[in-house]
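Have a look at the structure below, then the notes.
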Amino acid sequence: QLAGRRLGRLVVAVAAMEWSSESAAVRRHRGTAERREGEAAASHRQREASAQEDAKGVGRMWGKTENGGGSRVAKTALSEARTALALALYLLALRALVQLSLQRLVLSRTSGLQGEFDARQARDYLEHITAIGPRTTGSTENEILTVQYLLEQIKLIEAQSNSLHSISVDIQRPTGSFSIDFLGGFTSYYDNITNVVVKLEPRDGAESAILANCHFDSVANSPGASDDAVSCAVMLEVLRVMSASPEPMQHAVVFLFNGAEENVLQASHGFITQHPWASLIRAFINLEAAGVGGKELVFQTGPENPWLVQAYVSAAKHPFASVVAQEVFQSGIIPSDTDFRIYRDFGNIPGIDLAFIENGYIYHTKYDTADRILIDSIQRAGDNILAVLKHLATSDTLASSSEYRHGSMVFFDVLGLLVIAYPSRVGSIINYMVVMAVVLYLGKKLLRPKHRNANYMRDFLCGLGITFISWFTSLVTVLIIAV
């Protein structure tokens with residue numbers, strides 16, 4: 001029994017030891033597992049926190065990118081709006097300046113001064129001519145009454161002339177015909193029309209002359225104040241001032257008051273092809289109208305003979321000229337013509353063509369009356385014609401003008417203050433340079449490697465747009481200033 005009890009206690013002790021050992025192992029295993037689970041949980045929490053931070057960072061970056069893209073778009077739109085506004089303001093300001101310059105007809109008034117053009121006297125001539133009424137070719141008003149009035153005034157001017165000068169008067173009544181390529185082309189025949197021709201020259205005579213031309217006839221339904229009685233009035237006053245001047249003349253000035261322009265340029269043809277003084281003419285100034293009052297515009301010159309443009313630039317007191325008007329008129333878009341064509345084509349003579357262009361809707365109507373022509377319009381036209389004729393009458397170039405005939409000019413005035421003129425070949429060089437600069441600019445953008453610029457196409461189209469806007473702005477600027 002004793003041995004049995006001892007053996008039982010031994011078994012129990014061994015079992016207790018084994019249980020104790022097993023419990024310790026279990027506890028160690030459990031602790032290890034718990035530690036691993038804790039570490040895993042911590043690691044998971046850390047990854048979740050990191051993922052959350054990454055998500056927040058991405059969100060912040062996306063927000064910044066989104067905000068940055070929106071900001072760039074807004075800035076681009078604002079920049080384009082500012083550019084468009086600046087361009088619009090520039091063109092409006094330019095147009096306002098041009099309009100102000102058109103309203104200011106004369107820069108300084110010299111009317112009434114000794115030796116200067118007097119617009120009041122010219123207006124008196126104008127009112128007497130228009131008081132006769134419409135003056136159609138062949139009518140009593142045109143062939144008798146107007147001719148009588150012109151001869152009376154010329155006689156008074158001759159009586160006041162300086163002894164340095166000589167005045168000769170001739171009444172020409174030519175008959176003839178010619179073909180003209182106008183409105184489809186036709187042959188014009190005239191018989192016994194009237195020209196009043198006055199030659200002012202040095203007392204010893206002259207071998208060359210400058211021609212000043214106007215016409216005193218009118219269309220049937222109009223008193224023809226602007227077309228072309230005011231030009232006749234201006235020429236009478238210029239004749240009075242030049243004939244009374246103590247300044248010597250080198251060349252003669254022929255004043256042609258022609259009586260048949262409205263029935264398609266007949267009187268000028270009769271003069272240049274039949275009158276004995278026509279052989280003296282080296283250049284001409286033609287005074288016309290395509291409107292009522294305002295500024296008289298130089299809208300044709302030449303052909304070639306750039307020295308004539310230079311003479312106008314040097315002498316005119318109130319310059320107003322545009323090569324754009326010349327291009328438009330000579331293109332045939334405007335169904336009209338002037339005596340300029342006759343002197344150019346049948347006389348082979350270079351000249352300057354001037355015309356009043358304001359209020360064109362009154363032109364050739366019964367409303368073309370003397371009261372619609374401002375005295376400042378008469379003054380500026382008279383100042384310019386007088387100055388240019390004086391310049392040419394004392395010019396060394398006139399007698400040998402054929403030596404200076406080659407080359408044409410680009411010319412335009414700047415707000416009526418001055419005229420810019422340069423040879424057309426210089427204009428061609430400028431145009432070629434601009435084209436080359438545009439080609440290089442666009443070529444540089446087109447040939448730029450695409451992989452270096454994510455906005456390749458946008459930049460190229462932007463450059464193309466800038467080019468077209470620049471051309472458009474330049475064209476509008478030229479048209480605003482020059483027309």
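These numbers were taken from a predicted model, which means no experiment stands behind them. We count residues from 1, following the sequence as given.
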Val414/Ile420 under side-chain contact (heavy atoms from CB on, under 4.5 Å): CA gap, chis, key distance, verdict = CA-CA 7 Å; Val414 179; Ile420 296 176; 3.7 Å; yes
Please test Trp307 against Leu398 for side-chain contact (heavy atoms from CB on, under 4.5 Å), starting from the C-alpha separation and ending with a verdict.
-> CA-CA 9 Å; Trp307 63 274; Leu398 185 68; 3.7 Å; yes
Stepwise side-chain contact (heavy atoms from CB on, under 4.5 Å) check, Leu236 with Phe255 | CA-CA 9 Å; Leu236 280 173; Phe255 295 84; over 6 Å; no
Decide side-chain hydrogen bond (donor to acceptor under 3.5 Å, both in side chains) for Ser139 and Asn142; before the verdict, give the C-alpha distance in whole Å, the side-chain angles of both, and the deciding distance to 0.1 Å.
-> CA-CA 5 Å; Ser139 67; Asn142 192 68; 5.5 Å; no
Please walk me through it: do Glu116 and Lys317 pass salt bridge (Lys or Arg N to Asp or Glu O under 4.0 Å)?
-> CA-CA 12 Å; Glu116 298 292 342; Lys317 291 184 176 181; 3.1 Å; yes
Between Gln153 and Leu156, does a side-chain contact (heavy atoms from CB on, under 4.5 Å) hold up when you go through it step by step?
-> CA-CA 5 Å; Gln153 300 308 311; Leu156 291 174; 3.9 Å; yes
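A donor-acceptor pair shorter than 3.5 Å can be found between the side chains of Ser179 and Thr187. Ser188 and Gln266 share a side-chain donor-acceptor pair at under 3.5 Å. Residues His391 and Tyr312 bring no donor and acceptor atom of their side chains to less than 3.5 Å of each other. Neither side chain, His406 nor Asn305, offers a donor N or O lying under 3.5 Å from an acceptor on the other. Between the side chains of Asp383 and His318, at least one donor N or O lies within less than 3.5 Å of an accepting N or O. Glu288 and His215 are linked by a side-chain donor-acceptor pair at a separation below 3.5 angstrom, with hydrogens and angles left out of the test.
Residue Arg240 holds its CZ atom at 11.0 Å from OG of Ser245, rounded to the nearest 0.5 Å. To the nearest 0.5 Å, the span separating CG on Leu297 from CD on Gln326 amounts to 10.5 Å. Rounding to the nearest 0.5 angstrom, the gap separating the SG atom in Cys232 from the CZ atom in Phe257 is 6.5 Å. A distance of 9.0 Å separates CG in Asp337 from CD in Glu261, rounded to the nearest 0.5 Å. Distance check: Asn359 CG to Thr365 OG1 gives 10.5 Å after rounding to the nearest 0.5 Å. In this structure, CH2 on Trp277 lies 13.5 Å from CD1 on Ile272, to the nearest 0.5 angstrom.
You'll find the side chain of Arg372 reaches within 4.5 Å of the side chain of Ile362, heavy atoms only. Counting heavy atoms from C-beta outward, Phe411 and Val313 have side chains that stay 4.5 Å or more apart. Contact check for Val197 versus Val169: no side-chain heavy atoms found under the 4.5 Å cut-off. Put simply, the side chain of Ile373 reaches to within 4.5 Å of the side chain of Leu126, judged on heavy atoms. The shortest distance between side-chain heavy atoms of Leu211 and Leu256 falls below 4.5 Å. Residues His364 and Asn221 have side chains not in contact (no heavy-atom distance under 4.5 Å, counting atoms from C-beta outward). Looking only at side-chain heavy atoms (C-beta outward), Gln121 and Asp124 come within less than 4.5 Å of each other. Contact annotation: the side chain of Thr301 never approaches that of Met409 to less than 4.5 Å [non-hydrogen atoms, C-beta and beyond].
Below 30°, between 30° and 60°, or above 60°: for His128 and Tyr149 the angle between ring planes is below 30°, a parallel geometry. Between His269 and Phe178, the ring planes lie parallel to each other; the angle is under 30°, not in the 30° to 60° tilted range.
Of the charged side-chain nitrogens involved, none lies within less than 4.0 Å of a carboxylate oxygen, so that Lys155 and Glu158 do not count as a salt-bridged pair. Salt-bridge formation is not detected for the pair Glu358/Lys295: no Lys NZ or Arg NE/NH1/NH2 atom is positioned less than 4.0 Å from an Asp or Glu carboxylate oxygen.
Contact between Ile378 and Ala122 at its shortest, heavy atoms only, is CG2-CB, 3.6 Å. Of all heavy-atom pairs spanning Asp339 and Ser268, the tightest one is OD1-OG, 2.7 Å. Of all non-hydrogen atoms in Gly224 and Ser218, the two that sit nearest each other are CA-CB, 4.1 Å. For the residue pair Gln379 and Phe117, the shortest heavy atom distance occurs at NE2-O, 3.2 Å. Residues Ala260 and Thr137 come closest through the heavy atom pair CA-OG1, 3.5 Å. Across every non-hydrogen atom of Ala421 and Val309, the tightest pair is CB-CG1, 4.1 Å.
A donor-acceptor pair is defined here as one N or O able to donate and one able to accept, closer than 3.5 Å; such a pair exists between the side chain of Arg282 and the backbone of Ser279. No donor-acceptor pair closer than 3.5 Å links the side chain of Asn384 to the backbone N or O of Ala316. Of the possible polar contacts, one joining the Glu143 side chain to the Gly138 backbone as a donor-acceptor pair under 3.5 Å is found. The main-chain N or O of Ser424 is found under 3.5 Å from a side-chain atom of Ser428 such that the two form a donor-acceptor pair. Although no hydrogens or angles enter the test, the distance criterion places a donor-acceptor pair under 3.5 Å between the side chain of Thr146 and the main chain of Glu141. Within the 3.5 Å criterion, the main-chain N or O of Gly291 finds a donor-acceptor partner in the side chain of Ser226. A side-chain donor-acceptor contact under 3.5 Å links Arg203 to the backbone of His165.
For an aromatic pair to be called close, the ring centres must be under 6.0 Å apart, and Tyr343 with Phe284 satisfies this.
Applying the side-chain hydrogen bond (donor to acceptor under 3.5 Å, both in side chains) test to pairs two or more places apart or on separate chains, those with a residue in residues 167-176 are Asp170-His275, Gln172-Asn195, Arg173-Thr194, Thr175-Asp191. Counting only residues at least two apart or in different chains, salt bridge (Lys or Arg N to Asp or Glu O under 4.0 Å) contacts with residues 127-137 comprise Arg123-Glu127.
Residue Tyr189 places its OH atom among more than 12 non-hydrogen atoms of other residues, nucleotides or ligands, all under 6.0 Å distant. Within a 6.0 Å radius of CD in Glu207, other residues, nucleotides and ligands contribute 12 heavy atoms or fewer.
The side-chain contact (heavy atoms from CB on, under 4.5 Å) test with Ile342 is passed by exactly one of Val264, Asn258, Asn213, Leu265: Leu265.
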Donor-acceptor pairs under 3.5 Å, side chain of residues 345-355 to any protein atom, not counting sequence neighbours: which ones?
residue	atom	partner	partner atom	Å
Asp353	OD1	Asn286	ND2	2.8
Asp353	OD2	Gln300	NE2	2.8
Asp353	OD2	Thr338	OG1	2.6

